[in-house]
There are 4 protein chains.
Amino acid sequence: MSKPVKSPPGRPRSAQSHQAILQAALELLAEVGFDRMSIDAIATRAGVGKPTIYRRYKSKQELVADAIESCRQEYVVPDTGSLWGDIDALINSAAQITFTPLGRQTVAMMISTASSNPQFAQVYWTKYLQPRRQAFAVVFERAKQRNEIQADLDPDLVFDLISGIMLYALVFQATTEPLEGYIRRTLHLLLREPPS
Amino acid sequence: MSKPVKSPPGRPRSAQSHQAILQAALELLAEVGFDRMSIDAIATRAGVGKPTIYRRYKSKQELVADAIESCRQEYVVPDTGSLWGDIDALINSAAQITFTPLGRQTVAMMISTASSNPQFAQVYWTKYLQPRRQAFAVVFERAKQRNEIQADLDPDLVFDLISGIMLYALVFQATTEPLEGYIRRTLHLLLREPPS
Amino acid sequence: MSKPVKSPPGRPRSAQSHQAILQAALELLAEVGFDRMSIDAIATRAGVGKPTIYRRYKSKQELVADAIESCRQEYVVPDTGSLWGDIDALINSAAQITFTPLGRQTVAMMISTASSNPQFAQVYWTKYLQPRRQAFAVVFERAKQRNEIQADLDPDLVFDLISGIMLYALVFQATTEPLEGYIRRTLHLLLREPPS
Amino acid sequence: MSKPVKSPPGRPRSAQSHQAILQAALELLAEVGFDRMSIDAIATRAGVGKPTIYRRYKSKQELVADAIESCRQEYVVPDTGSLWGDIDALINSAAQITFTPLGRQTVAMMISTASSNPQFAQVYWTKYLQPRRQAFAVVFERAKQRNEIQADLDPDLVFDLISGIMLYALVFQATTEPLEGYIRRTLHLLLREPPS
DNA sequence: CGGTAAGCGAGACGGTACGTCGCGTCTTAAG
DNA sequence: CTTAAGACGCGACGTACCGTCTCGCTTACCG
C-alpha cells in the first residue's frame, strides 16, 4: 500500500519545531534569564521563524510556561514506610527542581509576573504545587495511621509553611542558613518532636 | 583639624532632581509595574533629563532599589504588653508595606533580580528583614519573661516561617485563603496554643 | 541557463516605504535644511519606523544622497538653432535646479561632505555634471558648425568656468551681483563678443 | 585726553585661555572636521571650561570663524614687475591657504553654513576675498600700464572667475584635471593670449 | 590694602537626536 | 496551508552633545 495519508499540505515539521522551540527556550532561560531572553534568540537557536513561535504562543510568558511545563517529570507519591523517609523524598524532589538555575528562573519569573498576570501563578499552583500538596496529605494520612503524628495536624498548613520557607530560602539564599537544616528544624517544631 | 573630605569640583548634583527622580520612580512603579516602567517616563514625570538619571544609576534596577530604599520609614519595636498584641502590630506593619501594589512590585523585582544580582536581595535582607527579625526576638524575649511562651522556642525560626508564609501568600495570592487567618493559625500551631 | 539572480528569502523591502522615506527626506531637506533635519522626523513624516530607514542607509548623508539622486529629472540637450538660445536653455535648467532651497542644500551638503566622503562628490559629478558637460560640448559643436564661435574654443573649460562661477555665486549670493548678468558677461568675454 | 574707556571691573579674560581655545579649535577642525568637532572636545583639549568658550562665542560657527580668522597671515600685494609673476604669487598664496585640510574644512563649513547663516559667508567675503580682489585690481592696473593686457578687461570679473574655478576644483577635486594648469589655461583664454 | 566683581576649571543640568534592539505582525517564496 | 526568512511600525534603550547653570576658587582693579 502506498501512503494513503494525504495530510494537508505541509505540516510535517510541526512536532520537530515544537520540540526545538521548547528546548531553545529552556536553554536560554537557564543561560540568561527571562528578561534577557529574546524571542528572536529562541527562534534563531531553534532554527525556526518567529511566526512559528507566535502561532503557538501569544507571549513569551506563555511560551516559557509551556517550556517549563514540558519538562516536568513524572510525579509519584513516595511511600517509604516512615514519615521522615517520605518527607525526605518529597523535599529532595522539590529541591532538585527548585534549587537550580532553571528552577530559580522559573520561580523568579512566576513571582515577577504574578501581580500583572495572576493566571500564570495559577498555572504553577495548579500544575505543580497542588499535586504535591495532595501527595503531602496522603503521606500525612499514612503517618497518622501509623500514629507518627497527631490526628489534628493540618497537612495543608504544614505543606504551605514548608513551601513558604523554601521560597524564602530561595530568595535570600546567601543570607540564611542551609535549607535542609531549616526545613528539618521547622518540621520537628511543627510535629512537636525534639530535634534529633 | 578641618574635615579631610573635600567637596568635588564642578556643580554638585541637585538634591531636588534626586528627590523628583525617586518620587517619579516610586509612583510609576506602583502604577504600571517594573517592566512597563520606562526611564523616559520617569525622566519626564520628574521633569528631568534622561542623562541626569543615568548619571546616578547604571540601570533601572539600581534606580528602583534606591527609590524603594529611600522611602523606608522609621521602625519601632512594638510593646503592647502582650505577645499577641505585639505580634498583631508587627504583622500589620509588615502587611501595610508588603500587600500594596508598590510592595508587591518591590518583592517581585527583588526576587527576579536575586539570582543575577544577589546583593540586591542582600540589601533588602539587611535593611528591611534584619531589623524586624531582631524586633521579633525582643518581643519573644518579653513574652518568655511573661511566661506566655516556652523558653526554648527559637524566635528566628518562627520569624522566618512567618516571612516565608507571607511571601508564599504574596505569590499565590488568589489561590490561598486570606492571609491573616493563615498567619494566625500558623502562629497558634507554632506556639502550641489552640486556635482561639 | 536560468537566471543566476535569486530573490533573497524573507519579506522583500517595501517599495512604498522606500518612496515615502525619500519623499519625506526631500521635503524636510528643503524645509529645514540638512543639519536641522532629524531621522526621527523623517521616519515620522514617512509613517515609517526608524530601523526601516537605518536598514537602507547607514547615515543621513547616504539617505539624502539617494533622495536627491531619486528626483533627478530627465535631461535633454537643447537645440534652439542658435548658440545663445541653447545657452539660455542650459543656464535656466541649471538655475532652476540649483538656486532653490533644495538645490542650495544639495550643493552645501555635497561640499561639506566632499572632503570626508569624496565619492559623494564623485556621484554628483558623474550623474549630474558630466551629462551637462557633454550637452554643452554638443551645443558648442553645433555653434562651431554655424560659425558662431571659434573652432579652437574648449567647451569643457568654458563649462567648468560657468559651473565655477555659479558655485561662487551660490556661496556668496548676497555679496555679488545678480547671477544672470554675471554669467552673460563671462560668456561674452570668453566668446570674444562685445557685451550686448 | 586719555582713553575714556574704563576697563570693566572684575578679572579680565585670560588671553592664555583664548589662545588655547583657538588652537584647539583649529586642530580639531583639521582633524575631524566641523560637524564631528564638539565644543566639549575643544574645551577639554584647551584645558578650559565650556562657559569660558560660550562667554566669548555664541556658537560653534562664531568660534571657528574667529579661529580661522586668527591664523590669517599678513597679506601683501605682490609686485614682481610682470603680470604673470604677480598672478603666480597670488595663486600660490591662495592655493597654500585653500588646498589644505584646514582650508577645505573652512570652505566646506562656510558653504554649508551660507544658506542658513549668510553673514558667515559675508565675513569670509569681506575679510578674505575682498582684499585679494582689490589686490588683483591693483595688479591688473599695473599690467595695463605696462600694456600687458587690454584696458577694458574687468579685473573683478576675472578674479571672480578664477575664484569660482578654484572653488569648483576644490569641490570636485578628484574629478578634474590638476588645478594649476586649469587656472593658467583659463587666464590665457581670458587674457586672449595663446597658451604658452 | 582689602573688597568686590568678574573670570576661571569643572561638571551637573534639562533637552534633543542619535543609532540599536526587541517586540509582535505581516509578507514573501518554497515546499 | 505551514514553514524559514526577514522586513515592518513601534517604542524604549543608553550615549553624545547641546547650550545653560551653579559651584568654589582665583585674580586684578579700585576705593
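Owing to the predicted nature of the structure, the values given are computational and were not obtained by experimental measurement. Residue numbers start from 1 in every chain, and the chains themselves are labelled A, B, ... in the order their sequence lines are given, proteins ahead of strands.
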Spacing between Leu28(A) atom CG and dG22(E) atom P, to the nearest angstrom:
12 Å
Output the single nucleotide from dC8(F), dG24(E), dG19(E) whose closest atom is nearest the side chain of Ile39(C).
dG19(E)
With a 4.0 Å cut-off on heavy atoms, is Lys58(A) in touch with a base, just the backbone sugar-phosphate, or nothing at all?
nothing
Between dA10(E) atom P and Tyr54(D) atom OH, what is the distance in whole Å?
17 Å
Can you confirm whether the side chains of His18(B) and Arg13(B) place a donor and an acceptor under 3.5 Å from each other?
no
OP1 or OP2 of dT3(F) versus the side-chain N and O atoms of Arg56(A): is any pair under 4.0 Å?
yes
To check you understand the geometry: which heavy-atom pair defines the closest contact between Met37(D) and Ala25(D), and what is its length?
SD-O, 3.7 Å
If you go through the side-chain atoms of Arg11(B), does one of them form a donor-acceptor pair with the base of dC21(F) closer than 3.5 Å?
yes
Judged by nearest nucleotide, the residue sitting upstream toward the 5' end of DNA chain E, Pro9(B) or Ser17(B), is Pro9(B)
What residues form a side-chain contact (heavy atoms from CB on, under 4.5 Å) with Thr44(D), not counting sequence neighbours?
none
May I have the distance from Asp35(C) (atom CG) to dC18(E) (atom C1'), rounded to whole angstrom?
14 Å
Below 3.5 Å, does any donor atom in the side chain of Lys50(A) face an acceptor in the base of dG6(F), or the other way round?
no
DNA chain F: 5'-proximal contact among Ser38(B) and Ser38(D) (nearest heavy atom):
Ser38(B)
Taking only side-chain N and O atoms of Arg55(C), does any of them lie within less than 4.0 angstrom of OP1 or OP2 on dG6(F)?
no
Over how many whole Å does the gap from Ile53(A) atom CD1 to dG22(E) atom P extend?
14 Å
Exactly one of Leu63(B), Leu22(B), Leu26(B) clears side chain to side chain contact (heavy atoms under 4.5 Å, CB included) with Ile42(B), and that residue is Leu63(B)
How many Å lie between OH on Tyr57(D) and C1' on dC18(F), as a whole number?
19 Å
For the pair made of CZ in Arg36(C) and C1' in dC18(E), what is the distance, rounded to whole Å?
18 Å
In this structure, are over 12 heavy atoms from other groups packed under 6.0 Å from Gln16(B) atom CD?
no
Whole angstroms only, please: what is the CG-C1' distance between Leu63(C) and dC18(E)?
14 Å
Distance in angstrom units between Asp40(C) CG and dT20(E) C1', rounded:
13 Å
Quick one: is Thr52(A) getting a side-chain N or O under 4.0 Å of the dA4(F) phosphate, OP1 or OP2?
yes
Which residue lies toward the 5' end of DNA chain E, Ser59(C) or Arg13(B), if each is placed at its nearest nucleotide?
Arg13(B)
